[in-house]
> 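Before I ask anything, let me first share the structure, which is written out below as structure tokens.
Start at 1 with the first residue, then count along the sequence. Both counts, for ligands and for their atoms, begin at 1 and track the order of listing.
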Amino acid sequence: MTALLTATDLHKTYGATPALAGAEFAIDAGEIVAVMGPSGSGKSTLLHCLAGIVPPDSGSVRYDGRELSALSDAERSALRRADFGFVFQFGQLVPELTCAENVALPLRLAGTGRRQAERRAVEWLARLEVDDVRHQRPGQISGGQGQRVAVARALVNNPRVLFADEPTGALDSLNGERVMELLTDAARESGAAVVLVTHESRVAAYSDREIVVRDGRSRDMAGAAA
Ligand code: ADP
């Protein structure tokens, strides 16, 4: 079976700083893969290259049979909106919108009517066990609630790949574990693959497979090049 998303021999340098130096990656549909490694090892850069946010200096990223670098900026943006979801360390919710409006936003941008979008948003908030905050704004809720809202927003469009960059990095361990349980359950139910960047092994424990990035190079946990 061909993997859904692959990276081959990725190189990326920021000025004189090498961020990626031959990184490899592959994820199948519906798989949950943790990308581990110390701070500064290149994990976020790998995620950004895989998602088509940052162009690598060299190497290949293929998604669903397409080479990302062969697409135009507009095509890459459209692909990200339609097929990818994102959760970052700090939810990055829109502060002026209610939580339900935040979750509805990707649907609205994709052309879904307001009423249907809000109904689906509330369903997703309920799945993440935070439908009680639907009328509140991000500044009025806790960090753990905010990350659950962010997960709902990332999955509401049924993405094929969810990119999560330290999704529990700002939470205490109890809230972090609950967010990881809810995130992985929801992703498995909807069939989304998850690229999970973390430096914590207790977060990586929620994945099917772990790869380690060190000095911009990746290895899987079995020791072979990933
Ligand atoms: P990690 O996610 O593992 O902490 P990153 O991918 O963020 O690692 O960073 C890898 C290296 O690239 C680090 O040395 C970091 O300082 C550098 N780097 C990452 N992004 C940028 C950027 N936008 N500008 C300059 N340097 C960057």
> In terms of atom number and element, which parts of ligand 1 are under 4.0 angstrom from non-hydrogen atoms of P38?
3 (O)
> Is there a path of hydrophobic side-chain contacts, each under 4.5 Å between heavy atoms of I/L/V/M/F/W/Y residues, joining V194 to V35?
no
> Where does T17 meet ligand 1, judged by heavy-atom distances below 4.0 Å: at the side chain, the backbone, both, or neither?
side chain
> Check whether any heavy atom of G216 sits under 4.0 Å from an atom of ligand 1.
no
> For a quick check under 3.5 Å, do E67 and S60 share a side-chain donor-acceptor pair by atom type?
yes
> For ligand 1, find out whether one of its N or O atoms is nearer than 3.5 Å to an N or O atom of P18.
no
> Would one find an N or O of A19, backbone or side chain, under 3.5 Å from an N or O of ligand 1?
no
> Could you tell me whether atom 15 (C) of ligand 1 has a protein heavy atom closer than 4.0 Å?
no
> Between D185 and R188, is there a salt bridge with N-O shorter than 4.0 Å?
no
> Between Y63 and F84, does the ring centre distance come in under 6.0 Å?
yes
> Write out the residue and atom name of the closest protein heavy atom to atom 7 (O) of ligand 1, then the distance separating them to 0.1 Å.
S44 CB, 3.7 Å
> Would you say K43 has any N or O atom under 3.5 Å from an N or O of ligand 1, going by distance alone?
yes
> So which of G40, G42, G37 gets nearest to atom 4 (O) of ligand 1, if we judge by its closest heavy atom?
G40
> As an exercise, identify every atom of ligand 1 less than 4.0 angstrom from a heavy atom of S41.
1 (P), 3 (O), 8 (O)
> Within the side chain of R160, is there an N or O that forms a donor-acceptor pair under 3.5 Å with the backbone of A192?
no
> What is the closest protein heavy atom to atom 19 (C) of ligand 1, and at what distance does it sit?
Y14 CE1, 3.5 Å
> Need the ligand 1 atom indices (1-based, order shown) with element for anything under 4.0 Å from a heavy-atom of T45.
5 (P), 6 (O), 9 (O), 19 (C)
> Mind checking whether V151 and I32 sit in one hydrophobic cluster, side chains of I, L, V, M, F, W, Y counted as touching below 4.5 Å?
yes
> Is there a path of hydrophobic side-chain contacts, each under 4.5 Å between heavy atoms of I/L/V/M/F/W/Y residues, joining L128 to L93?
yes
> Assess the side chains of S190 and N158: does a donor N or O sit below 3.5 Å from an acceptor N or O?
no
